[in-house]
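A short worksheet on the structure shown next.
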Amino acid sequence: MSAAASAVDPLQRFRLSDQYQTLKSNLHRFLIQQIEERNLDVSHWDDDKLDRFVKEQVKRYVVDNRLPVNQRESEALASDARHELTGFGPIQHLVDDPTVNDIVVNGPGAVFVERGGVLEVAPVRFTDDSHVIRVIQRILAPIGRRVDESTPMVDARLPDGSRVNAIIPPIALNGPCLSIRKFRTSPLTADDLLRYDSISQAEVDYLKARVIGRTNLIVVGGTGSGKTTFLNLISQWIPDAERVITVEDAAELRLENTHVVRLETRPPNLEGQRAITARDLVRNALRMRPDRIIVGEVRGDEVLDMLQAMNTGHDGSMTTLHANSTKDAISRMELLAGFAGFNGSELTFRGQIASSIHLFVHVARLASGARKLIAITEIQGIDGVNLKLRDLFRYDPATGQRHDLRGAA
Ligand SMILES: Nc1ncnc2c1ncn2[C@@H]1O[C@H](COP(=O)(O)OP(=O)(O)O)[C@@H](O)[C@H]1O
Ligand SMILES: [Mg+2]
């Protein structure tokens, strides 16, 4: 169902119409023209002054052009024009809405939001591709980044901690795409996860003891399954006296420990040079006498350095890995190690996994939108060429039952 078809409110329907989009673009051009002709320094105006200016100009434009719009429509037009001028255009109110976690734009006519784990159509649209790109540029400008033909993909963190990914044609086939994952002002706590029934008290108690006991641990799950949230949560249990170094592509973790050094990778510059990779940072972190190293997500050749860190006296190190099960996570690590130039046999690599990692925690986002801890799995060594894995806790999505398997043979 398209956004336009789902809108029942006549005003909402009007706002989604092509006619309104044209009107809004013309009005935008008119406003820019007024500002330029009169040489107005709107960037230094306060909100009230700008509101008044836009309202007046919209009224004038409507009257001068004898537009058939009523009072409500004219107000909507003023508010939209205002967001167009200084904000993020049609998605500004979604950015401001605290109940929205994620905003996804798949081309000008397809905007979605995630609320409470459920993705829904947002009743807004952009005029055309260039409109989406204009908003993307405006989002990226304050952090000194931009998208263009030579850099058609950008992954960045905004000053408020939100993550932004943008990808534009010709790489993106259905028009410019934008995803914004908003930064929660307060991270989820163990109590929140218990309340959402994402995890059981027994699992919390068990993991807390293992984190304090310096277990090397990997959180595995798909995109948006809650890996980072979970890693952040369990990292809070690291005793305060320990020195922790975090390595991330986009600093999302917020540890409250006293001794935390946060490192963030850097993408290559326009000439494709001077990148600082996660591997560079893990290697450097090892020289900073850490007790533990936490890598936000292992997705490249840093996998080897991370395993080595776990193996060489930095027990209690943790990371996340994108995979749909613990078994997948192991294959994925083998693949990444291969790319990273690991030239030992499969057996030596598995041996290294067995001696480096103690525990896997698998999290998932179910079809219902609920996030669950699916399994806590221990590596108990290696049997021939195969890792010996044992589930200690397991959640069965089909029955909604949790099983504590610690006593099972
Ligand atoms: N157990 C949970 N219950 C509800 N929402 C959650 C839960 N875990 C994470 N979230 C929310 O889901 C979104 C994605 O979480 P995140 O940890 O970034 O996922 P990942 O790192 O796997 O991509 C965030 O908005 C986060 O606040
Ligand atoms: Mg993550």
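First listed ligand is number 1; within each ligand, the first listed atom is number 1.
The closest protein non-hydrogen atom to atom 27 (O) of ligand 1 is Arg184 CD, 3.1 Å. With hydrogens left out, the protein atom closest to atom 21 (O) of ligand 1 is Thr228 OG1, 2.7 Å, a heavy atom.
Between the Mg ion (ligand 2) and Thr228 there is an N/O/S contact shorter than 2.8 Å.
The heavy-atom pair separating Ala337 from Val303 by the smallest distance is N-CG1, 3.8 Å.
Taking a cut-off of under 4.0 Å to the non-hydrogen atoms of Tyr196, the atoms of ligand 1 that pass are 3 (N), 4 (C). Atoms of ligand 1 found under 4.0 Å from any heavy atom of Ser198, numbered from 1 in the order shown, are 1 (N), 2 (C), 3 (N).
Taking 4.0 Å as the cut-off, Gly221 does not count as a neighbour of ligand 1 on heavy-atom distance. Residue contacts with ligand 1 include Gly222, since one of its heavy atoms falls under 4.0 Å from the ligand.
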> Step by step, would you call Asn216 with Ser317 a side-chain hydrogen bond (donor to acceptor under 3.5 Å, both in side chains)?
Replying inline: CA-CA 5 Å; Asn216 290 327; Ser317 291; 4.6 Å; no

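Remark: ligand 1 and Leu193 share no N or O pair separated by less than 3.5 Å (distance only, no angle test).
Between Thr229, Leu233, Leu373, it is Thr229 that holds the heavy atom closest to atom 17 (O) of ligand 1. Looking at Arg371, Arg163, Lys372, His322, it is Arg371 that brings a heavy atom closest to atom 5 (N) of ligand 1.
The main-chain N or O of Leu77 is never found under 3.5 Å from a side-chain atom of Asp80 such that the two would form a donor-acceptor pair. Side-chain atoms of Asp148 come within 3.5 Å of backbone atoms of Thr151 as a donor-acceptor pair (strictly under, hydrogens ignored). Judged by distance alone, with hydrogens and angles left aside, the side-chain atoms of Asn165 form no donor-acceptor pair with the main-chain N or O of Ser179 at under 3.5 Å.
In this structure, His403 NE2 and Asp396 CG are separated by 5.0 Å, a value rounded to the nearest 0.5 Å.
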